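One structure is given here, and the rest of the page talks about it.
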Amino acid sequence: MRILFITHSFNSLAQRLFAALREAGHRVSIEFDINDPTSIEAVDLFRPDLVVAPFLKRAIPGRIWRSTPCLIVHPGVIGDRGPSALDWAILNQESTWGVTVLQANEVMDGGAIWASETFTTRGASKSSLYRTEVTSAAVTAVTQAVARFEGQQFQPQPLKTVTPPVSGRERPLARQADRAIDWSIDETSAVLRKIRSADGFPGLRDAALGAATGKDLYLYDAHPAPTLAGTPGTLVARSGEAVGVATVDGGIWLGRLRDRQSDHNFKLPAVQVLGARAAGLEDRSQDEADAYRDIHYVEREGVGFLHFPFYNGAMSTDRCERLLSAYQEAVASGPRVIVLCGGPDFWSNGMDLNQIEAADSAADESWRNINAIDDISEAIIRTTDCLTVAALRGNAGAGGVFLARAADEVWSHDEVTLNPHYKDMGNLFGSEYWTYLLPRCCGEEQSSQIMAARLPVGIAEAQSLGLVDRSLTPCRIGFLSAVEHEAAALAQAGDLDARLQAKRERREHDEAQKPLNEFRAEELARMRTNFYGFDPSYHIARYNFVHKIPRSRTPLTIAEHRRRNPDLPVRDVS
Ligand code: COA
């Protein structure tokens with residue numbers, strides 16, 4: 001079928017659906033929901049059998065849903081309505097939540113039901129739930145709804161006829177007052193819940209911390225810190241990039257803050273936003289039991305597991321330098337296999353664009369950042385004493401994908417999405433040794449196609465392209481255990497020494513063909529032009545990304561209906 005997505009943005013959920021429906025054989029094109037005439041024009045151009053709206057902030061124009069069936073993905077259980085479905089699910093401590101696929105009509109979220117799916121919630125941020133449980137439920141429900149539509153037998157069920165009685169109901173927009181923290185009575189669990197209900201967007205605006213610091217502060221990336229103590233609602237410690245705030249029964253670490261009055265009014269590390277105030281706090285970074293850790297290493301049965309759960313997968317210069325030290329230390333401790341685990345939500349999304357945007361010289365900071373990531377990539381490529389595995393629990397994008405490919409093997413599960421391209425960020429050339437790594441695993445021709453296509457890929461496609469070696473589980477549940485099991489088997493395998501010998505020989509052979517330094521120098525020459533050259537595209541794209549400026553048109557790479565020859569992929573014009 002021809003399926004048109006009308007969506008506010010091509011976010012992680014839309015990307016997974018795009019990959020899943022294409023894998024199911026459908027032709028999918030995308031139009032951003034910019035205004036009614038643009039959406040109507042997209043429908044006229046593409047003539048879809050079906051419109052799917054994965055992520056909308058406003059209603060679909062009547063002219064579209066009256067002429068073409070439109071399926072709306074609502075991140076709530078049957079009967080739930082309103083713009084803050086997940087916020088309320090977290091605030092109300094719903095243990096089960098869901099996704100409903102409804103047909104668009106004149107009542108927002110009130111149309112007949114094509115499919116629904118439920119899931120068990122967990123104590124995580126709204127974004128984390130959205131990217132994982134909601135997205136997986138949406139893939140199941142939309143796939144089912146599309147199959148039902150195609151089968152032409154199914155009658156979507158009007159809400160009022162659903163039995164047993166529906167659990168959801170209409171709820172208003174969740175406002176700051178609905179989640180305001182009362183530090184004098186809220187226990188840690190309540191504080192975490194309130195912050196998580198607004199993380200990543202819009203963030204919880206906290207009056208107490210704001211008043212105490214003289215800043216208009218929004219709080220993100222909250223974790224329990226049971227050993228902290230002090231006057232509730234006050235800053236009591238720091239640890240790495242986080243600050244500790246006391247609660248009535250302990251405290252929390254806050255990894256990210258946003259100061260709305262600042263020139264850099266986007267999310268940044270908490271210690272950076274608070275500056276001197278944070279510097280004066282007691283440093284608990286070395287506290288074994290209760291520190292904010294964005295890098296940690298454990299070793300079991302000859303296998304080392306290096307975790308780096310960086311917020312939003314963003315790898316700043318400092319984070320890269322600390323990760324490189326941790327990696328070198330881990331290798332020196334002599335494991336047979338090292339598993340690079342990334343974080344639960346993201347493996348890596350490459351350079352930290354927020355911190356680059358906040359730097360005095362964005363060009364200089366970009367240069368430092370890309371060199372710091374390259375240093376990690378190089379260290380992984382040059383590791384010949386042990387096998388290296390990148391285990392992707394969460395998504396990876398841009399430099400993060402190619403950094404993973406520096407490892408000997410890349411393992412993942414079926415719910416991961418990869419964005420193996422740089423050019424959407426203002427035509428960035430990219431580095432991380434991709435010009436060496438990509439042809440090595442995917443072949444020359446396929447490498448050029450991957451880079452030019454600029455499309456997200458699901459894990460089945462990533463495997464067929466050579467970007468991923470193995471998918472260990474159908475979903476994220478059980479993935480880490482499977483990784484532990486498989487890595488232990490690798491470490492104990494009788495042929496490990498032979499594999500390491502082959503790896504050394506291949507490295508020597510590759511080095512003789514073309515030294516790694518040459519790949520780096522060539523890539524960085526292109527990156528230098530991106531950062532310091534006359535064309536400001538990268539700086540503009542980064543500014544728009546960090547400040548979340550909505551796109552004014554849909555990129556041709558995904559808007560097939562706007563291409564002159566839709567059957568041809570978009571050509572790389574750089
Ligand atoms: N630096 C800083 N923040 C980043 C980031 C990066 N490299 N990549 C993603 N983020 C942030 C986003 O701003 C967003 O923040 P929020 O919590 O305020 O909403 C969050 O991570 C999730 O990203 P989002 O874009 O909403 O996720 P997605 O699944 O829709 O898209 C990507 C994933 C990877 C396609 C997209 O995030 C992206 O293009 N990132 C930039 C990649 C890049 O160009 N890196 C630099 C070159 S190496």
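The shown structure was predicted, so the numbers you read here are calculated from the model rather than taken from an experiment. In listed order, ligands and their atoms are each counted from 1. For the numbers below, each heavy atom of this structure counts, side chains included, while hydrogens, waters and symmetry mates do not.
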For atom 43 (C) of ligand 1, what's the nearest protein heavy-atom neighbour? Residue, atom name and distance, please.
Ala398 CB, 3.5 Å
Given the side-chain rings of Trp434 and Phe519, with only the six-membered ring counted for Trp, is the space between their centroids under 6.0 Å?
no
Sequence-distant partners of Asp33, salt bridge (charged side-chain N to carboxylate O under 4.0 Å, His left out), two or more places apart
Arg58
Proximal atoms of ligand 1 relative to Met425 (non-hydrogen, under 4.0 Å)
41 (C), 44 (O)
Atom 32 (C) of ligand 1: closest protein heavy atom, distance to 0.1 Å, is Asn419 ND2, 4.4 Å
Leu403 CG to Ser377 OG distance, which is reported to the nearest 0.5 Å
5.0 Å
Would you say Asn349 has any N or O atom under 3.5 Å from an N or O of ligand 1, going by distance alone?
yes
Residue from Phe55, Phe18, Phe32, Phe5 passing ring pair (Phe, Tyr, Trp, His ring centres under 6.0 Å) with Phe10
Phe18
Should you measure from each heavy atom of Asn11, which atoms of ligand 1 turn up under 4.0 Å away?
30 (O)
Residue and atom name of the nearest protein heavy atom (relative to atom 3 (N) of ligand 1), distance in Å to one decimal
Asn354 OD1, 3.8 Å
ring-ring contact (aromatic ring centres under 6.0 Å, His included) for Tyr538 and Phe531? Distances and angles first, verdict last.
CA-CA 7 Å; Tyr538 157 68; Phe531 300 157; 5.2 Å; yes
Within 45° cone of Tyr218 ring axis and under 6.0 Å: Arg258 NZ or CZ
yes
Taking NZ, NE, NH1 and NH2 as the nitrogens, is one of them in Asp375 or Arg520 under 4.0 Å from a carboxylate oxygen of the other?
yes
Nearest non-hydrogen protein atom to atom 47 (C) of ligand 1, with distance, is Leu428 CD2, 3.8 Å
Considering only non-hydrogen protein atoms, determine which one is nearest to atom 31 (O) of ligand 1 and report residue, atom name and distance to 0.1 Å.
Gln15 NE2, 3.6 Å
For atom 18 (O) of ligand 1, grab the closest protein heavy atom and report residue, atom and distance to one decimal in Å.
Lys267 NZ, 2.8 Å
Heavy atom of Arg542 under 4.0 Å from ligand 1?
no
Check for me whether Met315 has a heavy atom closer than 4.0 Å to any atom of ligand 1.
no
Does any donor atom in the side chain of Thr435 or Glu523 lie under 3.5 Å from an acceptor atom in the other side chain?
yes
Would Phe545 count as a contact of ligand 1 if the rule is a heavy atom under 4.0 Å away?
yes
Ranking Glu357, Lys548, Met351 by closest non-hydrogen atom to atom 19 (O) of ligand 1, top hit is Lys548
For Arg476, salt bridge (charged side-chain N to carboxylate O under 4.0 Å, His left out) partners two or more places apart
none
So, Tyr311 and Asp199: side-chain donor and acceptor under 3.5 Å apart, yes or no?
yes
Measure from atom 37 (O) of ligand 1 to the protein's non-hydrogen atoms and state whether any distance is below 4.0 Å.
yes
Note: Arg562-Glu31 ion pair, threshold 4.0 Å (strictly below):
yes
4.0 Å heavy-atom contact, Asp424 with ligand 1
no
Using distance alone, decide if ligand 1 has a nitrogen or oxygen within less than 3.5 Å of any nitrogen or oxygen in Leu353.
yes
If I apply the N/O under 3.5 Å rule, does Asn312 come out as touching ligand 1?
yes
Please report the interatomic distance CG(Leu428) to NE2(His421), rounded to the nearest 0.5 Å.
12.0 Å
Glu432 versus ligand 1: do any nitrogen or oxygen atoms come within less than 3.5 Å of each other?
no
May I ask you to list the atoms of ligand 1 that are less than 4.0 angstrom from any heavy atom of Gly350?
48 (S)
One should read off an interatomic distance between Cys442 SG and Leu465 CG, to the nearest 0.5 angstrom, of 6.0 Å
Atom 48 (S) of ligand 1 [closest protein heavy-atom partner, distance rounded to 0.1 Å]
Gly399 N, 3.4 Å
Hey, is atom 24 (P) of ligand 1 under 4.0 Å from any protein heavy atom?
no
With the threshold set at 4.0 Å, does a side-chain nitrogen-carboxylate oxygen contact exist between Arg322 and Asp318?
yes
Closest non-hydrogen protein atom to atom 29 (O) of ligand 1, residue and atom name please, with distance?
Ser12 CB, 3.2 Å
Arg131 near ligand 1, heavy-atom distance under 4.0 Å?
yes
Are any of the heavy atoms in Asn395 under 4.0 Å away from ligand 1?
no
